[in-house]
Colleague: 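Quick one: the structure is below, and I'll ask about it shortly.
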Amino acid sequence: MELTIKDLDVSFIQGDREAHALRGINLTVGKGEIHSLVGESGSGKTVTSTCIMGLLPSPPVRINKGEIFLDDINLLSLSEEDQRKIRGMKIAMVFQEPAKYLNPTLKIGVQITESLILHLGMSKTAAEEKALDILTTVGLGGGKRILHSYPHELSGGMKQRAMIAIAISCNPLFLIADEPTTALDVTLQEQILELIMDLRNKLSMGTLFISHDLRVVHDISDRISVIYAGKIVENSSKTELFAHPMHPYSRLLLKSIPDAEKRGTRLVTIPGKVPDAENIPPGCAFHPRCPFAEDICKIEEPEMKEYQEGHSAACHFCGTGKIQ
Amino acid sequence: MKLFLFILKRFFRLVLTILIISTIIFFVIRVIPGDPALVVAGIDASNAEIQAIRVKLGTDVPVAVQYVRWMKKLVRFDFGTSLISNQPVMTLIKQRFPLTFSLALLGIFLGILIAIPLGVLSAVHRWSLWDYFGMVYSQLGMAIPSFWLGIILLLLFSVKFPIFPLFGSGSIKNLFLPAIALGFARAAVILRLTRASMVDELSKEYIITARAKGLTEKMIHYKHALKNALIPVVTVTGIQFGYMLGGAIIIEQVFSLPGLGRLFLFAIYQRDFPLIQGGVVFIAVIFSFTNFLVDMFYSFLNPKIRIS
């Protein structure tokens with residue numbers, strides 16, 4: 001199963017105001033691949049994932065153009081009912097704060113089994129059997145007790161495991177993980193990342209991993225796409241990106257990771273912030289914050305170009321040796 | 001086990017509440033200036049007569065002794081004897097309570113029947129016709145006084161179209177109109193709350209999870225959102241029901257129903273102190289007990305409450 005996003009362009013419309021959230025996203029996640037989408041908040045990461053799930057409310061959202069394919073299924077052209085049948089069944093999603101994203105008044109067992117009963121037509125007992133298996137898969141052995149627990153009776157890490165159990169219950173082909181570790185302690189982060197990698201191997205799911213944290217992304221990804229102001233500015237394998245980042249934005253992001261070896265030096269920060277989706281600068285959207293920007297950057301928007309096999313970036317000066 | 005402990009704790013709290021309430025009632029009545037015996041006896045009574053009434057009321061002994069006696073009787077649900085009818089207060093209350101209870105039950109039932117479905121529909125289809133209908137209804141429900149509604153209902157459905165009897169209190173048919181008059185306003189309050197609470201729940205994150213699981217809208221609304229949305233609704237509905245159990249003075253008057261409300265109203269007119277005192281304690285006990293039941297139901301809806 002492969003997920004392909006082609007030229008996805010999405011706006012939020014309110015009255016006569018328009019916020020251009022996604023400006024032509026191209027992205028391919030192969031079978032069994034963990035692909036990370038990295039960017040600052042407000043760059044369009046969550047809009048992308050919500051759009052794949054078909055959960056963007058319209059209005060206020062308008063999909064201007066673009067297509068999303070899960071193999072040969074064109075997700076955006078499906079009826080609402082067909083989209084619903086794909087959600088949870090073929091594509092599943094894990095969210096940032098398990099405490100908020102689990103229903104506080106339903107037992108974990110009910111929250112896992114309901115999709116099994118709905119999508120796979122299982123009986124209640126069969127679904128409970130299956131749920132026990134799934135709990136073991138996500139490292140929540142102890143079984144029955146967890147099924148009969150309410151979310152508040154579980155610890156933060158257990159909640160996130162339960163959340164993942166809910167997501168993978170119907171053996172989805174594709175998983176979207178929207179910052180699944182951000183709300184957790186560092187030690188738990190590690191465990192959840194391992195679990196996601198482990199599941200990829202067991203279930204050979206393609207995974208779109210959304211994060212703003214490059215350190216987390218470094219541990220888990222096969223490929224990485226860097227998103228800025230609703231556009232992908234660099235796409236490459238993980239090793240390539242960390243060894244030879246091309247786009248100035250990616251380079252600055254990498255430099256801003258605190259590092260024990262750089263002790264005593266000032267931490268690099270990127271001045272300014274992600275532009276407001278209502279007021280995206282002309283030309284290259286990054287030019288107001290870019291240390292290498294020249295006149296052309298203010299006028300002409302750079303195209304995404306492949307500079308090495310499997311490594312593309314969108315910058316006028318990539319490959320010119322100007323960016324150091 | 002956890003649940004059992006929770007129930008035990010709540011029950012203990014119930015008993016404690018009743019003890020405190022009855023103590024307060026006892027002292028409040030003693031603090032009010034004026035000797036009840038003088039009021040009962042009238043202006044022309046002789047000292048001997050007044051003294052006899054004092055003995056009868058039990059106010060001839062020191063307050064501390066009175067308090068002990070009062071508490072001793074209370075645990076046996078003995079509120080003394082009515083000065084007017086000479087019957088035990090508890091007997092009078094027992095006679096009237098079934099009617100008040102049926103009326104309150106039917107009233108709250110009709111109220112819930114209108115309010116919760118309409119509230120959920122309003123929240124799910126916001127700014128739809130249902131929602132506007134709900135808004136108009138709740139405005140009217142809160143603005144229309146129940147005695148007026150009662151009179152109009154009587155005029156319409158007992159006089160103009162004699163579907164329901166004009167008076168009497170034997171069957172459920174007699175209770176229907178007063179129950180509507182009572183329930184109409186309660187429904188308005190419950191409706192507003194249900195809508196607000198449901199709208200609130202539908203915007204929570206776990207609803208996004210439910211959508212991401214591919215659940216149908218029906219499952220999302222009724223299985224996921226409603227159970228959470230009902231938590232505050234249950235509390236308020238329970239309190240409303242508790243109030244109604246104390247008797248609906250105005251509605252009972254309009255429909256000439258012999259319920260608790262009228263019993264206590266006449267007790268006040270006639271300065272029947274033991275009956276007033278017993279009535280107040282009875283209402284307090286019933287109210288606390290309803291709250292206890294609400295708490296039980298609440299803990300069923302909200303698992304978090306059981307541990308705190």
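Throughout, a chain's letter reflects where its sequence line sits, starting with A, and its residues are numbered from 1.
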Colleague: How about A/Asn103 and B/Ile207: do any of their side-chain heavy atoms sit closer than 4.5 Å?
Modeller: no
Colleague: Using only non-hydrogen atoms and a strict under-4.5 angstrom cutoff, which residues of residues 165-182 of chain A touch chain B?
Modeller: A/Ile166
Colleague: Do any of residues 77-90 of chain A have a heavy atom less than 4.5 Å from a heavy atom of chain B, and if so, which, in residue order?
Modeller: A/Arg84, A/Arg87, A/Gly88
Colleague: Should we count CD of A/Glu129 as having more than 12 external heavy atoms under 6.0 Å?
Modeller: no
Colleague: Do you know which of B/His224, B/Lys204, B/Lys227 has the most heavy-atom pairs under 4.5 Å to chain A?
Modeller: B/His224
Colleague: For A/Glu97, is it the side chain, the backbone, both, or neither that has a heavy atom closer than 4.5 Å to a heavy atom of chain B?
Modeller: neither
Colleague: For chain B, which candidate among A/Met53, A/Lys100, A/Met93, A/Met163 shows the most heavy-atom pairs at distances under 4.5 Å?
Modeller: A/Lys100
Colleague: Check the surroundings of atom CZ in B/Phe176: do more than 12 heavy atoms from other residues, nucleotides or ligands lie under 6.0 Å from it?
Modeller: no
Colleague: Can you list the residues that meet the side chain to side chain donor-acceptor pair (under 3.5 Å) rule with A/Asp71, with sequence neighbours excluded?
Modeller: none
Colleague: As an exercise: rank B/Thr209, B/Ile231, B/Ile208 by heavy-atom pairs under 4.5 Å with chain A and give me the winner.
Modeller: B/Thr209
Colleague: Counting only heavy atoms from other residues, nucleotides and ligands, does the tally under 6.0 Å from CZ of B/Phe289 exceed 12?
Modeller: no
Colleague: Side chain from CB out, backbone as N, CA, C, O: work out which of these in A/Tyr101 comes under 4.5 Å of a heavy atom of chain B, or both, or neither.
Modeller: both
Colleague: For chain B, which residues of residues 112-120 of chain A have at least one non-hydrogen atom nearer than 4.5 Å to it?
Modeller: A/Glu114, A/Ser115, A/Leu118, A/His119
Colleague: Is it the case that more than 12 heavy atoms not belonging to B/Phe97 sit under 6.0 Å from its CZ atom?
Modeller: yes
